[in-house]
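So that the names make sense, note that chain A is the first sequence line, chain B the second, and so on, each numbered from 1.
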Amino acid sequence: MSPVLVVEGLAKDFTLHLQGGVVLPVLRDAALVLHPGECVALTGPSGAGKSTLMRCIAGNYGADAGRIMLRHRGAMHDLVSADARLLREIRRETLGHVSQFLRVIPRVPALEVVAAPLRARGVAREDALARAAALLERLNLPARLHGLPPATFSGGEQQRVNIARGFIADCPLMLLDEPTASLDPANRAVVIGLIREAKARGAAILGIFHDTEVRDAVADRRHEVAPLEDAA
Amino acid sequence: MTDPMPQEGGYNFAYLDEATKRMIRRAILKAIAVPGHQVPFGAREMPLPYGWGTGGIQLTASVIGPSDVLKVIDQGADDTTNAVSIRRFFARVAGVRTTTRTAEASVIQTRHRIPEHPLREGQVMVFQVPMPEPLFRLEPRLVETRRLHALGDYSLAQVRLYEEVAKHGECGSAYNHPVLVNQRHLMSPSPIPGFDNPKLHMSPALMLFGAGREKKIYAVPPHTSVVSLDFEDHPFTPRRAPHACAFCGSTESYLDEIVTDDRGGRMFVCSDTDHCATRQEAREAAE
Amino acid sequence: MSAILEACGLDLRFGAVRALDGVSLDLWPGEVVAIVGESGSGKSTLLRALAGLATPDAGRVLYRDAEGAAHEVHAASEAQRRRLARTDWGFVHQNPRDGLRMGVSAGGNIGERLMAAGARHYGGIRAAAAEWMARVELDPARMDELPRNFSGGMQQRLQIARCLVTGPRLVFMDEPTGGLDVSVQARLLDLIRGLVEELGLAVLFVTHDIAAARLLAHRIIVMRHGAIVEEGPADRVLDDPQHPYTQLLVASVLAA
């Protein structure tokens, strides 16, 4: 089966202009291939660049060299050179991202936050809200919280809103950055179930899981990200 | 009608010098050529204060000739101070005949009214105008109002009308209701009641407007379309007090309300004194 | 699909000051773009030049209407530009006094654009004004009140209603939440976000509020000394800033 994601020769430095222009190299010649239906766990010591690699793929960081080829609307596109509009379209239709922290407009109710990706794809408001409510319920977020803005929630509750927002649109490629970090065992099990279902429908998943139990439950293989020799 | 008086010595005919009259006539011709458009002119100091008709009096002085018959009204009346003194002024400095009869007059200078008696071809109406700019209250910058006129952009006037309907539930009850002249220029009809607005439309007479302090002249030539602004669902409706004149019994003329005592007594009489007098004479003659 | 607005090589000098220095940018239908930078960076001048309110010394701005016809903004006659400004475009000023008629009722303020577009049915105008007041969360029962009876946040919402009543495709906003309390800002941002999504508007807004830019914009343009120093997807510009000035800007805000 043809891959969903092919990363080749990816390089990423951070230039800290406010610290006298010091350059921190993080990724060199990074490569990765992801197929439909598989879940790959990024592993490696802390600071090795797992998050940086994932955020490059998410388009959140810009890469300095290499290619990030991604299957979108039946064709491969290079995210490194994609303009803002193409990136927006890819994020809307193809690339789901559960980041570590939830960032939303204040005052918007959790239910609307979760339904937003569906609404952006043109799903009718009632449908989108109904599906959002069902997903939040599955993640054990009580219905009385659905109408409240997530800013007032605990860390675990916010994380579940974030997960629901990432999973609701059934994207063919999902990036999960520590999705279960602040969840209790029951909700961890729900997330494991969501990941398995996503795989079953053919989604490719790239994750960073500090929780080895979750990782072993969902990952088909590991992809080691090694720290650069000269990083120090 | 009065007989012509000998013209007072020491003054040019009709007070203004010929060069000034020529300048004003040029402005008038331009105003007639672009109906409703305000033409600037070099207004002179006149022997009466601003607000008493300095614009109108200069127009009258510029168009009047020895054979003309002048009528002057103020709020419809021929016998108020302002009307009497302007009439006497021209009788002295031009030696022209004067009248109170609308039908006899060839030049009618007016403040705040158009006579009830239908005007005819050949007559000239001269309006005294305090503020010629119809957008003045809405847009204080004159440079901007000139631009709006140039662009034919009159949504502001419509906004004013919207506010009027929102406040009073109707439009046409007030004075100085803005009109669109010749389907092009928005014009202030001077502070005449809305009741008189329809008399401007397709009138056979020439209508001249003069603002002395603001130094502007504008005109409506005979047989020109003059349409009062309104809304489809709130059409412009001329209003008059729903009474009959206490003197002549007219139920069609525009009425003034007169307070007769301190106990709330009041009566309604024709604002057009000539119209009222003519009707009363006709009734007496018939009896 | 093609860009709704394209600017190319805009230069504008105020004496010795280069307010705009070779600015080029494009905006696409449905796209929300934030222009950020500190005071004096030229962002408001850029907005005014794009909207035809200031004339650049060099360069051109192209607007493409719904039929796909291109209009060169600064070459158009004033009549054409005014027509665009109140049918296809909206401009939300930082100070509501610049965008509202303070002596005209709330309903009249909203209705003015409709009347400018030729509406002459009083009932229809009032119904549209009431509907738009409700959409920006103002009480339609207050439509005959003057703007000065409203709070700053409400005046700003009234200004937005006035802009959107004619169904524009492109909206310019100059610091729309500037000068408002933080809680009111959040509410206004939420309102703008909802309307923009619902109506599929293209929006170009100037702000020095980095957090507002992140939440509202798809794309961020960073300006300094009249020039664009960086631009890209909103989250990338803020999370992975490249230019020293952008890094300084991002580092200077609390938890954007």
Which distance, rounded to the nearest 0.5 Å, do you find between the CD of B:Glu232 and the NE2 of C:His121?
-> 6.0 Å
So OG of B:Ser155 and CE of C:Met115: to nearest 0.5 Å the spacing works out to 8.0 Å
Atom CD of C:Glu131: over 12 foreign heavy atoms under 6.0 Å = yes
Can you measure from CG (C:Asp144) to CD (B:Glu163) and round to the nearest 0.5 angstrom?
-> 7.5 Å
Nearest non-hydrogen partners of C:Ala79 and B:Leu151, listed with the distance = CB-CD2, 3.5 Å
Do C:Arg101 and B:Leu156 touch side chain to side chain, with heavy atoms closer than 4.5 Å?
-> yes
Of the backbone (N, CA, C, O) and the side chain (C-beta and beyond), which part of C:Leu114 lies under 4.5 Å from a heavy atom of chain B, both, or neither?
-> neither
Checking heavy atoms, do the side chain of B:Arg137, its backbone, both or neither come under 4.5 Å from chain C?
-> neither
Using 4.0 Å as the upper bound for N to carboxylate O, is an ion pair formed by B:Glu144 and C:Arg82?
-> yes
Contacts of C:Asp11 meeting salt bridge (Lys or Arg N to Asp or Glu O under 4.0 Å) (sequence neighbours excluded), chain-then-number -> C:Arg18
Contacting moiety of B:Gln158, where chain C heavy atoms sit under 4.5 Å | both
Over 12 non-hydrogen atoms of neighbours within 6.0 angstrom of CZ in B:Arg120 | yes
Enumerate by number any residue of residues 222-231 of chain B whose heavy atoms lie under 4.5 Å from heavy atoms of chain C; in the absence of such residues, state 'none'.
-> B:Asp230, B:Phe231
Could I get the full list of salt bridge (Lys or Arg N to Asp or Glu O under 4.0 Å) partners for C:Asp26, not counting sequence neighbours?
-> C:Arg219
Can B:Asp153 and C:Arg86 be counted as an ion pair, charged N to O under 4.0 angstrom?
-> yes
Going by the angle between their ring planes, with limits at 30° and 60°, are B:His234 and C:Tyr122 parallel, tilted or perpendicular?
-> perpendicular
Pair count under 4.5 Å, heavy atoms only, with chain B: among C:Ala119, C:Gly107, C:Gly103, highest is C:Gly107
Is any side-chain heavy atom of C:Arg126 closer than 4.5 Å to a side-chain heavy atom of B:Tyr162?
-> yes
Got more than 12 heavy atoms from elsewhere within 6.0 Å of CD, B:Glu257?
-> yes
Is the count of non-hydrogen atoms from other residues, nucleotides or ligands lying under 6.0 Å from C:Arg60 atom CZ greater than 12?
-> no
Using the test salt bridge (Lys or Arg N to Asp or Glu O under 4.0 Å), find all partners of C:Glu198 that sit at least two apart in sequence or belong to another chain.
-> C:Arg135
